Amino acid sequence: LATGPRQNDGIFYEIRTYDIKPAKMKEFLEMVNKYFHFRTAHSELVGFWYSELGAMNRVLHIWKYDNFAHRTAVRHALANDKDWQGKFISAALPLVEKQHNEVAYLVPWCQLGKPSKEGGVYEWVTFQMKPGGPALWGEAFRAAINAHINTGYTKLIGVFHTEYGLLNTVHVLWWNESPDQRAAGRHSAHEDARVVAAVRDSVRFLESQQNVLLIPLQCSPLK
């Protein structure tokens with residue numbers, strides 16, 4: 001029962017998460033930075049990160065597609081790209097323990113943002129909301145997000161609502177200059193009456209949440 005408004009065009013984002021064998025993480029990241037230009041020649045990469053805190057040996061990357069026909073055409077082209085298959089896929093797959101993907105839309109009130117400068121860190125926060133979709137919890141969730149934005153300590157990059165995968169899941173991508181800047185900002189936010197009130201209202205619809213601190217790779221457009 002994931003219902004409610006979403007962006008009117010067909011653009012969606014595929015969120016891919018890979019768990020890498022612990023002893024192979026360095027090798028995998030080196031291969032990505034070396035060969036990923038073969039993959040980005042086919043479609044737009046939003047960002048590529050590896051986990052630093054909250055998960056171990058994990059990478060996350062986000063791809064933008066115009067519609068599902070676009071994605072199908074890209075997947076077909078990739079299957080026939082000898083450089084991509086021969087130089088990256090054949091060598092990288094043995095390093096991967098687990099793969100997971102989701103299709104998500106930006107929520108209607110959010111545009112994909114960019115950090116104010118390069119060199120910071122990203123926080124990927126996943127909220128599992130009660131069934132009903134944005135029609136049920138959308139306004140309260142938006143108010144909680146805006147309350148954090150208004151504190152000024154963090155920058156919102158995107159809010160994604162799942163269409164395929166675990167439904168009623170919302171992923172929020174934040175950017176901060178450093179983990180310490182994020183920690184100080186969170187401490188201040190917890191003492192801000194506006195944030196406390198907005199969060200108290202939104203958690204009525206929350207089932208669980210988790211977060212991961214992410215570091216962008218060299219090949220990532222979002223750095």
Side-chain angles (χ1 to χ4, degrees), residues 1-20 28-29 31-51 58-93 95-96 98-115 122 124-127 129 133-135 138 142 156-175 212 214 216-223:
L1 301 177
T3 59
R6 71 180 188 204
Q7 301 238 350
N8 292 324
D9 56 31
I11 292 174
F12 66 84
Y13 298 84
E14 183 175 9
I15 302 163
R16 300 181 71 92
T17 306
Y18 299 167
D19 289 336
I20 310 301
F28 182 86
L29 297 181
M31 289 182 59
V32 170
N33 282 321
K34 184 175 181 180
Y35 294 118
F36 227 59
H37 62 282
F38 294 124
R39 175 61 184 85
T40 54
H42 292 277
S43 65
E44 182 179 346
L45 175 66
V46 174
F48 199 124
W49 304 265
Y50 67 88
S51 60
R58 180 172 295 173
V59 298
L60 184 146
H61 38 123
I62 303 175
W63 299 89
K64 181 180 179 181
Y65 293 103
D66 296 334
N67 48 48
F68 288 96
H70 179 208
R71 181 184 183 275
T72 298
V74 169
R75 301 303 295 176
H76 179 76
L78 287 169
N80 291 282
D81 186 323
K82 294 182 180 179
D83 284 329
W84 173 243
Q85 294 293 331
K87 295 180 180 180
F88 183 80
I89 292 295
S90 60
L93 283 183
L95 312 182
V96 178
K98 185 179 179 181
Q99 293 176 294
H100 176 70
N101 77 329
E102 299 168 280
V103 166
Y105 293 92
L106 283 172
V107 296
W109 44 267
C110 173
Q111 298 295 320
L112 194 64
K114 294 182 178 180
Y122 291 78
W124 181 255
V125 189
T126 299
F127 299 88
M129 309 301 291
R142 180 180 184 178
L156 178 66
I157 303 299
V159 181
F160 304 88
H161 176 221
T162 56
E163 180 77 3
Y164 286 97
L166 187 59
L167 295 182
N168 297 292
T169 301
V170 184
H171 300 290
V172 183
L173 183 61
W174 300 97
W175 178 87
V212 181
L214 299 172
L217 271 69
Q218 179 182 338
C219 67
S220 178
L222 285 175
K223 289 186 172 62

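A quick note: this is a predicted structure, and the numbers were derived from the prediction, not measured. Only heavy atoms go into these numbers, but all of them, side chains included; no hydrogens, no water, no symmetry mates.
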Between [X] and [Y], is any pair of side-chain heavy atoms under 4.5 Å apart?
{"X": "I11", "Y": "L106", "result": "no"}
{"X": "P115", "Y": "I157", "result": "yes"}
{"X": "N101", "Y": "V103", "result": "no"}
{"X": "T40", "Y": "W63", "result": "yes"}
{"X": "Y18", "Y": "Q99", "result": "yes"}
{"X": "R142", "Y": "V107", "result": "no"}
{"X": "D81", "Y": "K87", "result": "no"}
{"X": "F127", "Y": "T169", "result": "no"}

On the 0 to 90° scale, with breaks at 30° and 60°, tag the F36-W84 ring pair as parallel, tilted or perpendicular.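 F36 vs W84 ring planes: perpendicular.
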Could you tell me whether [X] atom [atom1] has more than 12 heavy atoms of other residues or ligands within 6.0 Å of it?
{"X": "H76", "atom1": "NE2", "value": "no"}
{"X": "Q218", "atom1": "CD", "value": "no"}
{"X": "F68", "atom1": "CZ", "value": "yes"}

Y13 ring center near F160 ring center (under 6.0 Å):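 When the ring centroids of Y13 and F160 are compared, they turn out to be within the sub-6.0 Å range.
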Residues two or more places apart in sequence or in another chain: which of them pass side-chain hydrogen bond (donor to acceptor under 3.5 Å, both in side chains) with R58?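 In terms of side-chain hydrogen bond (donor to acceptor under 3.5 Å, both in side chains), with neighbours along the sequence ignored, R58 is linked to D19.
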Run the side-chain hydrogen bond (donor to acceptor under 3.5 Å, both in side chains) test against S51 and tell me which residues pass, sequence neighbours left out. none
Between Y122 and K223 (side chain of the first, backbone of the second, donor and acceptor by atom type, cut-off under 3.5 Å), is there such a pair?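 Checking the backbone N and O of K223 against the side chain of Y122, a donor-acceptor pair under 3.5 Å is found.
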Side-chain donor/acceptor of Q85 to backbone N/O of L78, under 3.5 Å: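 Yes, because the side chain of Q85 sits within donor-acceptor range (under 3.5 Å) of the backbone of L78.
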I20 and L95 have their tightest heavy-atom pair at CG2-O, 3.3 Å
Give me the atom names and distance for the closest heavy-atom approach of S220 to F48.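 Here S220 and F48 meet closest at OG-N, 3.0 Å.
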Nearest 0.5 angstrom please: [X] [atom1] to [Y] [atom2], how far?
{"X": "Q111", "Y": "L156", "atom1": "CD", "atom2": "CG", "result": "11.0 Å"}
{"X": "L112", "Y": "L222", "atom1": "CG", "atom2": "CG", "result": "6.5 Å"}
{"X": "L60", "Y": "T17", "atom1": "CG", "atom2": "OG1", "result": "4.0 Å"}
{"X": "W124", "Y": "W49", "atom1": "CH2", "atom2": "CH2", "result": "7.0 Å"}
{"X": "E14", "Y": "R75", "atom1": "CD", "atom2": "CZ", "result": "6.0 Å"}

Begin from the C-alpha positions of L45 and H61 and carry the test side chain to side chain contact (heavy atoms under 4.5 Å, CB included) through to its verdict. CA-CA 8 Å; L45 175 66; H61 38 123; 4.1 Å; yes
Evaluate side chain to side chain contact (heavy atoms under 4.5 Å, CB included) for F88 paired with V32, printing each intermediate quantity in order. CA-CA 8 Å; F88 183 80; V32 170; 3.9 Å; yes
